[in-house]
Amino acid sequence: MSEDAPFLKPNEYRDTWCGQVLGDRVGEEVVVSGWVHRRRDHGGLVFIDLRDRTGMVQLVFNPDESGGSFDLGHTLRPEFVVSARGRVVARDPGTVNPEMATGEYEIHVEAAEILAESDTPPFEIEGFRSEVGEEVRLRHRYLDLRRPRMQEAIALRHRLVTEMRSFLDRSGFLEIETPVLTRSTPEGARDFLVPSRQHRGSFFALPQSPQLFKQLLMVSGFERYFQVARCFRDEDLRADRQPDFTQLDLEMSFVGVEDVIELNERLMAYLLGQMGVDAATPFPRISWDEAMVRFGTDRPDMRFGHEVVDLTEVLRGTEFKAFGGVIESGGAVCGINFGERDLPRAQLDGLIEEARELGAKGLVWAFCEDGGWRAPIAKFLSAEEQTGLNEALGAEEGDLMLVAADEHHVAAGILGGLRTRLAERWDLIPEGPDRLVWVVDWPMFEQDPDTGDWNALHHPFTAPDGEFDPADPGSAKAQAYDLVWNGVELGGGSIRINRPDVQRQVFRTLGIEDEEAEERFGFLLEALRYGAPPHGGIAYGIDRFAALLAGFDSIRDVIAFPKTASGSDPLTGAPSPVDDHQLREVGLTSRKQAPKSS
RNA sequence: GGGGGUGUAGCUCAGUUGGUUAGAGCGCUGGCCUGUCACGCCAGAGGCCGCGGGUUCGAGUCCCGUCACUCCCGCCA
């Protein structure tokens with residue numbers, strides 16, 4: 001493991017960590033304890049790899065030196081918990097194991113004791129031959145977590161959080177806890193509900209974030225707050241989404257966008273430095289509008305090009321109906337040049353299928369050939385259009401272009417989605433530093449195309465940039481910012497509204513009338529009447545942060561006890577039915593009896 | 001809620017056109033082995049082919065349903 005071994009006060013079980021059996025201990029008598037990692041029984045000689053948190057060391061059971069403990073050596077099995085006393089010896093040159101940190105040394109056992117036996121584990125703690133399925137790992141998570149890779153990931157997460165606390169402490173932030181049992185404020189994600197026994201028929205909700213409480217703490221005058229906060233959202237899961245997850249939440253008073261960004265840029269530079277990440281600083285900024293146009297997403301991966309190009313003007317008036325029709329009805333045609341690439345027809349068809357999964361009605365592929373297009377639809381496009389498209393996309397001989405037509409944001413979104421998916425498959429990401437980027441100048445609202453309702457793009461407490469004109473919500477910009485790391489949304493925040501009249505105005509725009517706002521958020525509106533300072537902050541996804549640092553695709557690998565994609569825990573069997581007595585106490589009846597588990 | 005993938009021994013997987021007694025590697029158990037380190041050699045045990053139904057003389061294989069895991073879309077202020 002990379003971390004140094006912790007201080008050890010010798011006791012009956014150990015005076016030395018396994019990973020610390022090195023040259024300076026040769027000739028000494030040591031006591032070590034740990035788990036049997038592997039056993040190599042030669043009959044007259046038994047080798048045991050003993051593992052603890054710090055690493056591994058080889059024990060040798062030898063009839064000349066081990067005495068009565070020699071027979072015990074034969075009975076050891078994987079994952080037995082063993083304590084052994086013996087002498088540290090430098091191995092003969094021919095028997096050194098260069099793969100092992102302690103491979104030049106070994107312990108010649110003089111006495112040993114089995115502290116606990118183990119059933120045969122359902123899978124090898126460190127399988128070299130294949131990766132064990134995730135369901136089995138989660139079912140026996142306590143064994144999965146014994147694997148050095150998992151121990152490192154959990155330790156890395158600890159170091160990340162420790163450095164966060166350290167930096168913020170030095171910067172004058174106070175860590176303050178906020179309630180987990182709180183009030184449901186049904187905005188955004190679905191709430192997890194907890195029935196109240198003392199107030200039958202009423203419910204607590206688990207917080208989706210500490211948003212409102214941290215604003216209240218600013219009203220209270222703490223000025224700088226942070227929290228490593230557990231958050232809960234009852235939505236479907238993904239590789240990067242769990243129903244309960246952890247945020248680094250922070251908030252500051254008497255600040256504007258620049259102040260929050262400045263502090264967080266220093267925080268991130270410090271953390272990345274501590275964690276050994278090579279990242280370019282300062283972090284560039286891109287407006288939300290520009291990100292959507294150039295990359296088709298609000299979380300652009302800036303490590304590589306192949307940006308979205310608007311081809312609408314090149315194709316205005318085209319004979320090809322699939323493009324011309326879309327343009328006439330106000331839509332756009334967008335394309336990406338993916339560079340020189342030779343793909344069989346089947347893979348090109350596969351791309352069309354992937355585009356459909358992303359919501360495309362269709363996708364056109366084309367190769368630049370002899371200055372024109374080689375494509376199934378080439379015959380519908382004039383020579384001028386073909387050369388114009390190649391020029392707009394900067395296409396050279398042999399380049400593959402993918403083109404989609406739809407409303408502009410839809411077409412750009414599809415291509416941006418393909419760009420992200422193809423980045424790794426086609427090795428589009430060059431070697432080089434990581435790219436963190438601030439996405440700024442977010443719109444305050446987006447309009448639901450079906451209902452015409454306005455929804456908050458960030459959240460309803462985000463301060464507008466400048467004076468807010470309720471008559472024109474569509475053009476209002478927010479003082480909001482997201483930090484995006486290699487295309488992953490790492491965190492986001494905003495300056496908050498600190499005036500009750502503005503807050504009411506925003507609620508009204510969102511269709512929350514004064515009476516309803518009073519009912520749901522009255523405590524916040526009231527607090528804002530008692531001298532709320534200008535304030536703003538940000539929240540980071542700690543699980544995602546740790547997963548990126550550890551090189552895992554799924555945040556489950558940096559969470560000790562995560563849930564499966566269907567939101568259950570194979571280890572404990574949660575969620576589970578509860579008996580009628582428990583339900584009666586909280587005044588509930590179950591409409592549907594869940595099947596008894598196990 | 002929708003789509004894709006997977007489900008066969010403890011683990012990772014193979015299993016042909018529907019055809020005899022379902023295989024491999026690892027692990028496990030027993031035996032042998034004094035320098036191994038993914039030890040080696042010999043022998044052995046181990047199966048509800050996810051579950052339910054159907055087609056068929058015959059189903060791991062085909063059909064229908066269902067469950068679990070996984071990835072994606074929707075959803076995630």
Side-chain angles (χ1 to χ4, degrees), chain A residues 37-49 56-66 70 73-74 77-78 89 91-100 102-103 106 108 119-140 143 185-191 208-209 211-212 231-243 245 350 353-360 413-414 417 420-421 442 444-446 454-462 478 480 489 492 494 506-507 510 512 539 541 553-554 556 563-566 568 570 595:
Chain A
H37 192 69
R38 222 175 280 280
R39 166 181 62 112
R40 292 175 294 280
D41 188 341
H42 289 230
L45 197 61
V46 181
F47 299 98
I48 297 291
D49 290 336
M56 264 188 296
V57 67
Q58 175 166 278
L59 306 180
V60 184
F61 288 81
N62 169 323
D64 302 330
E65 295 171 290
S66 305
F70 178 68
H74 293 297
R77 292 294 181 275
V89 173
R91 298 196 202 177
D92 291 335
T95 64
V96 163
N97 180 0
E99 301 296 312
M100 217 169 154
T102 61
E106 62 194 15
H108 289 198
D119 287 355
T120 301
F123 52 88
E124 291 175 76
I125 296 309
E126 196 161 30
F128 289 85
R129 298 162 183 90
S130 53
E131 195 62 33
V132 179
E134 194 162 0
E135 192 176 6
V136 181
R137 290 174 53 201
L138 292 182
R139 171 78 181 81
H140 301 277
L143 296 178
T185 54
E187 287 291 314
R190 198 175 292 117
D191 281 328
Q208 298 177 24
S209 80
Q211 180 61 36
L212 296 174
C231 305
F232 306 87
R233 295 180 188 175
D234 188 7
E235 298 292 347
D236 286 352
L237 286 73
R238 290 282 190 283
D240 63 350
R241 280 174 15 198
Q242 285 271 304
F245 63 102
E353 194 47 49
E354 282 190 70
R356 289 220 173 90
E357 287 169 20
L358 295 169
I414 289 154
T420 303
R421 287 183 177 212
W442 289 64
M444 280 287 284
F445 307 101
E446 62 184 347
W454 292 98
N455 296 312
L457 205 63
H458 198 66
H459 62 53
F461 317 106
T462 300
E489 182 195 332
S494 63
V506 169
F507 279 150
L510 293 169
I512 305 171
D553 290 331
S554 166
R556 291 188 297 270
K563 286 164 188 66
T564 67
S566 67
S568 60

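Throughout, protein chains are lettered first and strands after them, A, B, ... in sequence-line order, and every chain is numbered starting at 1.
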From [options], nucleotide with atom closest to [X] side chain:
X: Pro122(A); options: C37(B), C73(B), G10(B); value: G10(B)
X: Arg238(A); options: U70(B), G35(B), C72(B); value: C72(B)
X: Glu124(A); options: G27(B), U34(B), C37(B); value: G27(B)
X: Asp236(A); options: G1(B), U36(B), A68(B); value: G1(B)
X: His42(A); options: C37(B), G27(B), C33(B); value: C33(B)
X: Ala239(A); options: G74(B), C69(B), C71(B); value: C71(B)
X: Met100(A); options: U12(B), C37(B), C72(B); value: C37(B)
X: Leu45(A); options: U36(B), C75(B), U34(B); value: U34(B)

Please confirm whether the shortest side-chain N or O distance from [X] to OP1 or OP2 of [N] is below 4.0 Å.
X: Ser566(A); N: C69(B); value: yes
X: Ser568(A); N: C69(B); value: yes
X: Arg556(A); N: C71(B); value: yes
X: Arg38(A); N: A38(B); value: no
X: Arg77(A); N: U29(B); value: yes

Atom pair distance, as rounded to whole Å: [atom1] in [X] and [atom2] in [N]:
X: Asp49(A); N: U36(B); atom1: CG; atom2: P; result: 14 Å
X: Glu99(A); N: C39(B); atom1: CD; atom2: P; result: 13 Å
X: Arg241(A); N: C73(B); atom1: CZ; atom2: P; result: 8 Å
X: Leu358(A); N: C75(B); atom1: CG; atom2: P; result: 14 Å
X: Phe245(A); N: C76(B); atom1: CZ; atom2: P; result: 13 Å
X: Glu357(A); N: G5(B); atom1: CD; atom2: P; result: 10 Å
X: Glu131(A); N: G25(B); atom1: CD; atom2: P; result: 22 Å
X: Glu126(A); N: G27(B); atom1: CD; atom2: C1'; result: 15 Å

Would you indicate what [X] reaches in the nucleic acid, counting non-hydrogen atoms under 4.0 angstrom: base, sugar-phosphate, or nothing?
X: Glu106(A); value: base
X: Thr120(A); value: sugar-phosphate
X: Glu135(A); value: sugar-phosphate
X: Asp41(A); value: base
X: Pro63(A); value: base
X: Gln211(A); value: base
X: Arg139(A); value: nothing
X: Val57(A); value: nothing
X: Gly94(A); value: nothing
X: Arg190(A); value: nothing

Between [M] and [N] - [atom1] atom distance, rounded Å:
N: C69(B); M: G31(B); atom1: P; answer: 42 Å
N: G44(B); M: A9(B); atom1: C1'; answer: 15 Å
N: U6(B); M: U16(B); atom1: P; answer: 14 Å
N: U61(B); M: U8(B); atom1: P; answer: 13 Å
N: C73(B); M: U29(B); atom1: P; answer: 45 Å
N: U55(B); M: C11(B); atom1: C1'; answer: 35 Å
N: C13(B); M: A43(B); atom1: P; answer: 28 Å
N: G23(B); M: G46(B); atom1: C1'; answer: 13 Å

Tell me which nucleotide, if any, is Watson-Crick or G-U wobble paired with [N] when both distances must be under 3.5 Å.
N: G46(B); answer: none
N: G65(B); answer: C51(B)
N: A24(B); answer: U12(B)
N: C41(B); answer: G31(B)

- Item | Backbone of Asp49(A) reached by a side-chain donor or acceptor of Arg38(A) within 3.5 Å |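 No.
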- Message: Closer than 3.5 angstrom, by distance alone: can the side chain of Gln208(A) be matched with the main-chain N or O of Ala189(A) as a donor-acceptor pair?
- Response: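 The answer is yes, because a donor-acceptor pair under 3.5 Å joins these two groups.
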Rounded to the nearest 0.5 Å, how far does [atom2] of [Y] lie from [atom1] of [X]?
X: Glu134(A); Y: Thr564(A); atom1: CD; atom2: OG1; answer: 9.0 Å
X: Ile125(A); Y: His37(A); atom1: CD1; atom2: NE2; answer: 8.0 Å
X: Leu59(A); Y: Arg39(A); atom1: CG; atom2: CZ; answer: 13.5 Å
X: Gln58(A); Y: Thr102(A); atom1: CD; atom2: OG1; answer: 8.5 Å

- If you measure from the ring centre of Phe47(A) to the centre of the six-membered ring in the base of U36(B), is it under 5.5 Å, with the planes under 30° apart?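 Yes, Phe47(A) stacks on the base of U36(B).
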- Mind checking whether His459(A) and Phe461(A) have parallel, tilted or perpendicular rings, split at 30° and 60°?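 Tilted: the ring planes of His459(A) and Phe461(A) meet at 30° to 60°.
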- Task: Hey, which sits more toward the 5' end of RNA chain B by its nearest nucleotide, Arg91(A) or Pro121(A)?
- Result: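 Counting from the 5' end, the first nearest nucleotide belongs to Pro121(A).
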Is [X] side chain donor-acceptor paired with the [N] base, going by distance under 3.5 Å alone?
X: Arg233(A); N: C76(B); result: no
X: Arg40(A); N: C33(B); result: no
X: Gln58(A); N: U36(B); result: yes

- Show your working on side-chain contact (heavy atoms from CB on, under 4.5 Å) between Val506(A) and Met444(A) and close with a plain yes or no. CA-CA 9 Å; Val506(A) 169; Met444(A) 280 287 284; 4.0 Å; yes
- Query: Considering all heavy atoms of both residues, which atom of Phe61(A) and which atom of Ser66(A) are nearest to each other, and what is their separation?
  - Reply: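 Shortest heavy-atom contact: CA-OG, 3.4 Å.
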- Between Arg241(A) and Asp236(A), is there a salt bridge with N-O shorter than 4.0 Å?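 So Asp236(A) does not pair with Arg241(A) through a salt bridge.
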